[in-house]
Amino acid sequence: MSKLDKSSLRREILQQRRSLSAEDWQHKSNLICDRLKTLTIFREAQTILAYFSFRQEPDLTPLFALDKTWAFPRCVGKSLVWHSWQPGTELQTGKYGIQELLPTAPTIAPITADLILVPTVASNDRGFRLGYGGGFYDRLLSPESNLNVPTIGIVFDFASGIAIPTDPWDRPLDFVCTEMNIYVY
């Protein structure tokens with residue numbers, strides 16, 4: 001894949017992701033979940049900031065039955081507000097079409113988390129990620145946030161280790177997990 005601008009690259013990767021059959025998508029997602037469970041940092045984490053799958057992102061649902069405190073984001077303005085979640089908690093569709101907890105759900109401060117699972121459109125061989133372009137995770141992970149919580153980018157293998165343009169505000173992830181490998185940065 002040639003080096004493209006972020007917008008073109010994002011479109012190309014999202015198209016590849018959409019072309020996965022439902023069976024292939026679920027199989028790859030399950031392999032990612034199994035691989036995550038082998039990581040010591042994941043096994044030892046008690047509070048994990050995660051996401052609900054959107055646009056055929058890897059599906060992390062099998063992990064949510066594990067005995068951990070799970071929190072999920074809700075987009076508020078240009079920020080993410082994190083809410084703790086239990087199975088059966090009511091969800092709504094947010095302004096970007098992503099499932100979110102209700103505003104009345106208990107909030108959780110990101111600094112109290114042990115781990116962040118970061119939705120990733122693509123990643124390069126240095127741990128930098130390409131997101132959806134809204135900057136929500138860039139702001140969350142920026143040096144100004146003083147958030148020192150380990151991050152794992154979640155991405156399908158075909159979208160990892162590729163050339164992606166980076167900006168000065170981009171921060172590398174600590175790990176990237178695909179269905180084939182775990183990369184440490």
Any side-chain heavy-atom pair of I13 and I162 under 4.5 Å
yes
Quiz question: by atom type and distance under 3.5 Å, do the side chains of Q99 and T93 form a donor-acceptor pair?
yes
Show me the side-chain donor-acceptor pairs of residues 103-111 shorter than 3.5 Å, one per line, residues at least two apart or across chains.
none

Could you pull out the closest heavy-atom pair between C177 and I32, with the gap in Å?
SG-O, 3.9 Å
State whether the number of non-hydrogen atoms from other residues, nucleotides or ligands found under 6.0 Å of E90 atom CD is greater than 12.
no
F42 six-ring face occupied by K68 cation (under 6.0 Å, within 45°):
yes
Examine L66 and W85 and state if one hydrophobic cluster contains both, with Ile, Leu, Val, Met, Phe, Trp and Tyr joined whenever side-chain heavy atoms are less than 4.5 Å apart.
yes
On a heavy-atom basis, which atom in R129 and which in T120 lie closest, and how many Å separate them?
CB-CG2, 3.6 Å
Just checking, is any N or O donor in the side chain of T178 or D157 under 3.5 Å from an acceptor N or O on the other one?
yes
State which residues pass salt bridge (Lys or Arg N to Asp or Glu O under 4.0 Å) with D170; sequence neighbours excluded, sorted by chain then number.
K6
Non-hydrogen side-chain atoms of H27 and N30 separated by less than 4.5 Å
no
Can you see which heavy atom on F156 is nearest to which on S29, and at what distance?
CZ-OG, 3.9 Å
Any ring-ring contact (aromatic ring centres under 6.0 Å, His included) pairs touching residues 100-139, not counting sequence neighbours?
Y96-F136
Measuring from L140:CG to I116:CD1, what's the distance to the nearest 0.5 Å?
5.0 Å
Which ILVMFWY residues can you reach from V81 by hopping between side chains whose heavy atoms are under 4.5 Å apart?
V76
Checking D138 side chain against L141 main chain: does a donor-acceptor pair fall under 3.5 Å?
no
Working to the nearest 0.5 angstrom, can you tell me the gap between F72 CZ and I48 CD1?
9.5 Å
Separation between OG1 of T166 and CG of N124, rounded to the nearest 0.5 Å
7.0 Å
Name all residues meeting the salt bridge (Lys or Arg N to Asp or Glu O under 4.0 Å) criterion together with E57; count only those two or more places apart in sequence or in a different chain, and write none if there are none.
none
Fit a plane to each ring of F52 and F64, take the angle between them on a 0 to 90° scale, and name the class: parallel (under 30°), tilted (30 to 60°) or perpendicular (over 60°).
perpendicular
Kindly indicate whether the side chain of V149, heavy atoms from C-beta on, has any atom under 4.5 Å from the side chain of D114.
no
Of all heavy-atom pairs between E179 and L31, which one has the smallest distance, and what is that distance?
CB-CB, 3.7 Å
W70 side chain reached by L117 side chain, heavy atoms, under 4.5 Å
yes
Using every non-hydrogen atom in the two residues, find where P73 and Y51 come nearest and quote the distance to one decimal.
CD-CA, 4.4 Å
Criterion side-chain contact (heavy atoms from CB on, under 4.5 Å) on L36 and L63, from CA distance to verdict
CA-CA 9 Å; L36 278 170; L63 300 174; 3.6 Å; yes
Is the backbone of D174 close enough, under 3.5 Å, to the side chain of T151 for a donor and an acceptor to pair up by distance?
yes
Holding to side chain to side chain contact (heavy atoms under 4.5 Å, CB included), I want the full list of residues that pass it with E100, two or more places apart in sequence or in another chain.
R74, C75, Q92
Could you measure the distance from the CG atom of L49 to the CG atom of L80? Nearest 0.5 Å is fine.
9.5 Å
Considering all heavy atoms of both residues, which atom of L173 and which atom of G153 are nearest to each other, and what is their separation?
CD1-CA, 3.6 Å
Kindly indicate, with the supporting measurements, whether the criterion side-chain hydrogen bond (donor to acceptor under 3.5 Å, both in side chains) is fulfilled by D5 and S8.
CA-CA 6 Å; D5 66 86; S8 299; 2.8 Å; yes
Rounded to the nearest 0.5 Å, what's the gap from CD1 on I152 to OH on Y185? Could you check?
12.0 Å
Do the side chains of I182 and M180 join up, straight or via other hydrophobic residues, at under 4.5 Å, putting them in one cluster?
no
Checking R10 side chain against G131 main chain: does a donor-acceptor pair fall under 3.5 Å?
yes
Enter the distance from R18:CZ to Q56:CD here, rounded to the nearest 0.5 Å.
9.0 Å
Do the side chain of R43 and the main chain of T38 share a donor and acceptor less than 3.5 angstrom apart?
yes
Can you confirm whether L60 sits close enough to C33 that some side-chain heavy atom of one is under 4.5 Å from a side-chain heavy atom of the other?
yes
Spell out, as yes or no, whether a donor-acceptor pair under 3.5 Å connects the side chain of N181 to the backbone of Y183.
no
